[in-house]
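Before any comments, here is the structure.
As a basis for the values below, the full set of heavy atoms in this structure was taken, side chains included, without hydrogen atoms, waters or symmetry mates. As the structure is a prediction and not an experimental result, all values here were calculated from the model.
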Amino acid sequence: MCGRARCTLSPAEVARAFGFPTTSANAGGGGDGPAVPTLHLNRFRPSYNVLPGAYLPVGAMRALPGCAHGGGGSDGEGPVIQCMKWGLVPSFTGKAEKPDYFRMFNARSESVKEKVSFRRLIQKNRCLVAVEGFYEWKKNGSKKQPYYIHFQDHRPLVFAALYDAWTNSEGEITHTFTILTTHASTSLNWLHG
DNA sequence: CCAGACGTTGTT
DNA sequence: GTCTGG
DNA sequence: CCAGACGTTGTT
DNA sequence: GTCTGG
């Protein structure tokens with residue numbers, strides 16, 4: 001499970017985590033950055049306590065509708081880094097509804113292909129999300145203790161995710177994503193009970 | 001057919 | 001948008 | 001997911 | 001204990 005995370009990664013670190021190219025600090029003269037198109041990165045607020053409803057940089061392979069494959073190098077295709085809100089708000093959500101980012105912030109990979117709300121996104125709406133780590137709470141009697149999960153070498157974690165776009169009654173488009181989960185690794189089993 | 005839901009966790 | 005329940 | 005509230009009457 | 005809000 002993952003419902004709370006830490007992300008203070010720079011755009012270049014995010015790009016590297018996704019395996020996307022970056023500009024060299026030497027050549028540019030102003031420090032390195034993603035060498036792929038970016039969108040709305042200014043909306044990202046680095047935080048040690050990111051929760052659903054907040055923006056995170058997401059990596060995707062953008063393909064414009066109507067140019068599914070074989071188009072030549074238009075800027076509507078290829079890798080892109082875009083800010084999206086954590087917590088899937090499906091495109092079919094009513095325009096007047098209040099978006100609920102907490103209802104679908106995770107999708108079980110074991111069942112994602114069977115779930116009506118997710119399966120339609122698998123082919124064309126995959127994306128990646130990079131964070132430094134995430135939090136799990138352990139119940140000790142009546143108390144809850146948060147633990148921070150991360151790699152010892154500080155390599156970012158890269159989650160598989162699915163995204164969608166929702167348009168509200170004002171015509172504003174909100175991009176959201178859900179992080180795929182899987183069974184806990186054996187080294188984290190102690191945290192799950 | 002139409003109406004209504006569409007998810008996850010972790011638990012005894 | 002797509003599946004389930006009635 | 002966690003944190004915090006959890007209500008009614010009758011009013012400016 | 002259970003629901004709402006973030």
Side-chain angles (χ1 to χ4, degrees), chain A residues 1-9 40 43-58 60 62-68 83-151 156-169 171-193:
Chain A
M1 197 288 314
C2 178
R4 204 70 72 97
R6 173 183 299 190
C7 185
T8 64
L9 299 169
H40 299 145
R43 296 177 178 177
F44 169 55
R45 294 290 172 271
S47 171
Y48 277 19
N49 191 25
V50 178
L51 54 155
Y55 283 104
L56 282 176
V58 161
R62 183 165 57 186
L64 282 181
C67 339
C83 253
M84 300 189 193
K85 280 184 172 181
W86 185 8
L88 192 82
V89 177
S91 58
F92 53 78
T93 303
K95 290 183 179 301
E97 274 184 52
K98 183 168 65 176
D100 184 351
Y101 302 104
F102 292 82
R103 198 162 111 88
M104 289 185 267
F105 59 83
N106 283 158
R108 299 184 54 160
S109 56
E110 296 88 341
S111 59
V112 70
K113 289 191 292 296
E114 279 68 52
K115 297 295 181 181
V116 176
S117 294
F118 297 142
R119 60 182 306 176
R120 66 196 185 84
L121 304 172
I122 292 174
Q123 188 169 2
K124 300 195 175 215
N125 294 57
R126 298 183 182 196
C127 60
L128 299 174
V129 186
V131 300
E132 288 146 287
F134 65 96
Y135 302 95
E136 287 269 300
W137 275 258
K138 169 100 178 149
K139 276 186 205 168
N140 289 326
S142 58
K143 294 174 183 176
K144 284 186 200 172
Q145 177 70 43
Y147 288 85
Y148 178 55
I149 315 300
H150 63 97
F151 286 124
L157 280 75
V158 179
F159 290 121
L162 296 169
Y163 69 90
D164 204 352
W166 168 69
T167 305
N168 69 8
S169 52
E172 299 159 340
I173 300 172
T174 302
H175 285 89
T176 62
F177 64 89
T178 184
I179 292 176
L180 296 224
T181 63
T182 188
H183 55 273
S185 66
T186 53
S187 58
L188 288 178
N189 272 339
W190 63 273
L191 235 189
H192 253 241

Exercise. A:Phe92 has a side chain; which of C:dG1, E:dG6, B:dT11 sits nearest to it?
Worked result: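 The answer is C:dG1.
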Exercise. Where the side chain of A:Met104 is concerned, which of E:dG5, B:dG7, D:dC2 is the nearest nucleotide?
Worked result: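 For A:Met104, the side-chain atoms sit closest to B:dG7.
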Rounding to an integer number of angstrom, what distance separates [N] and [M] when you compare their [atom1] atoms?
N	M	atom1	answer
D:dC1	B:dG10	C1'	12 Å
D:dT9	E:dG1	P	29 Å
E:dT2	B:dT12	P	14 Å
E:dG5	D:dT8	P	15 Å
B:dG4	E:dG6	P	28 Å

For this session: Answer yes if the ring centres of A:Trp86 and A:Phe159 are under 6.0 angstrom apart, and no otherwise.
Result: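 Ring centroids of A:Trp86 and A:Phe159 are no less than 6.0 Å from each other.
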Exercise. Which heavy atom in A:Lys144 sits nearest to a heavy atom in A:Lys139, and how many Å separate them?
Worked result: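 For A:Lys144 versus A:Lys139, the nearest heavy atoms are CG-CG, 4.1 Å.
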For this session: Please name the pair of heavy atoms, one in A:His150 and one in A:Leu157, separated by the smallest distance, quoted to 0.1 Å.
Result: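 That would be CA-CD1, 4.1 Å.
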For this session: Step by step, work out the side-chain contact (heavy atoms from CB on, under 4.5 Å) result for A:Val131 and A:Val50.
Result: CA-CA 10 Å; A:Val131 300; A:Val50 178; over 6 Å; no
Exercise. Is the backbone N or O of A:Lys115 less than 3.5 Å from a side-chain atom of A:Arg119, with the two atoms forming a donor-acceptor pair by type?
Worked result: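 The answer is no, because no donor-acceptor pair under 3.5 Å joins these two groups.
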For this session: Please round to the nearest 0.5 Å and tell me the distance separating atom OG of A:Ser47 and atom CD of A:Glu132.
Result: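 Answer rounded to 0.5 Å: 10.0 Å.
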Exercise. OG/A:Ser91 to CZ/A:Arg120 distance, rounded to the nearest 0.5 angstrom?
Worked result: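 Between A:Ser91 OG and A:Arg120 CZ, I get 4.0 Å after rounding to 0.5 Å.
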Exercise. Does a sphere of radius 6.0 Å around CD in A:Gln123 hold more than 12 heavy atoms from other residues, nucleotides or ligands, not counting ones at 6.0 Å or beyond?
Worked result: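 Open.
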Can you list, pair by pair, the side-chain donor-acceptor contacts under 3.5 Å of residues 93-109 of chain A, counting residues two or more places apart and other chains?
from: A:Thr93; atom 1: OG1; to: A:Pro90; atom 2: O; distance (Å): 2.8
from: A:Glu97; atom 1: OE2; to: A:Gly94; atom 2: N; distance (Å): 3.2
from: A:Asp100; atom 1: OD1; to: A:Phe102; atom 2: N; distance (Å): 2.9
from: A:Asp100; atom 1: OD1; to: A:Arg103; atom 2: N; distance (Å): 3.3
from: A:Tyr101; atom 1: OH; to: A:Lys85; atom 2: NZ; distance (Å): 3.3
from: A:Asn106; atom 1: OD1; to: A:Cys2; atom 2: N; distance (Å): 3.2
from: A:Asn106; atom 1: ND2; to: A:Cys2; atom 2: O; distance (Å): 3.0
from: A:Asn106; atom 1: ND2; to: A:Ile179; atom 2: O; distance (Å): 3.4
from: A:Ser109; atom 1: OG; to: A:Thr181; atom 2: O; distance (Å): 2.7

Between [atom2] of [N] and [atom1] of [X], the distance in whole Å:
X	N	atom1	atom2	value
A:Asn49	D:dA3	CG	C1'	11 Å
A:Leu51	D:dC2	CG	C1'	9 Å
A:Lys138	D:dC2	NZ	C1'	17 Å
A:Asn140	D:dC2	CG	P	13 Å
A:Gln145	D:dC1	CD	P	17 Å
A:Leu180	B:dG7	CG	P	14 Å
A:Arg4	E:dG6	CZ	P	14 Å
A:Ile179	D:dC1	CD1	P	15 Å

Exercise. What parts of residues 105-120 of chain A reach DNA chain D, counting only heavy atoms under 4.0 Å away?
Worked result: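 By residue number: A:Phe105.
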Problem set entry | side-chain N/O A:Thr181 vs B:dT8 OP1/OP2, d < 4.0 Å |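 Answer is no, no contact under 4.0 Å.
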Exercise. Should stems be defined as at least three consecutive Watson-Crick or G-U pairs with both distances under 3.5 angstrom, which of them involve DNA chain B?
Worked result: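 So far as stems of 3 or more pairs are concerned, DNA chain B shows B:1-6 with C:1-6.
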For this session: Apply the test side-chain contact (heavy atoms from CB on, under 4.5 Å) to residues A:Phe118 and A:Leu180: give CA-CA distance (whole Å), side-chain angles for both, the deciding distance (0.1 Å), then the verdict.
Result: CA-CA 10 Å; A:Phe118 297 142; A:Leu180 296 224; over 6 Å; no
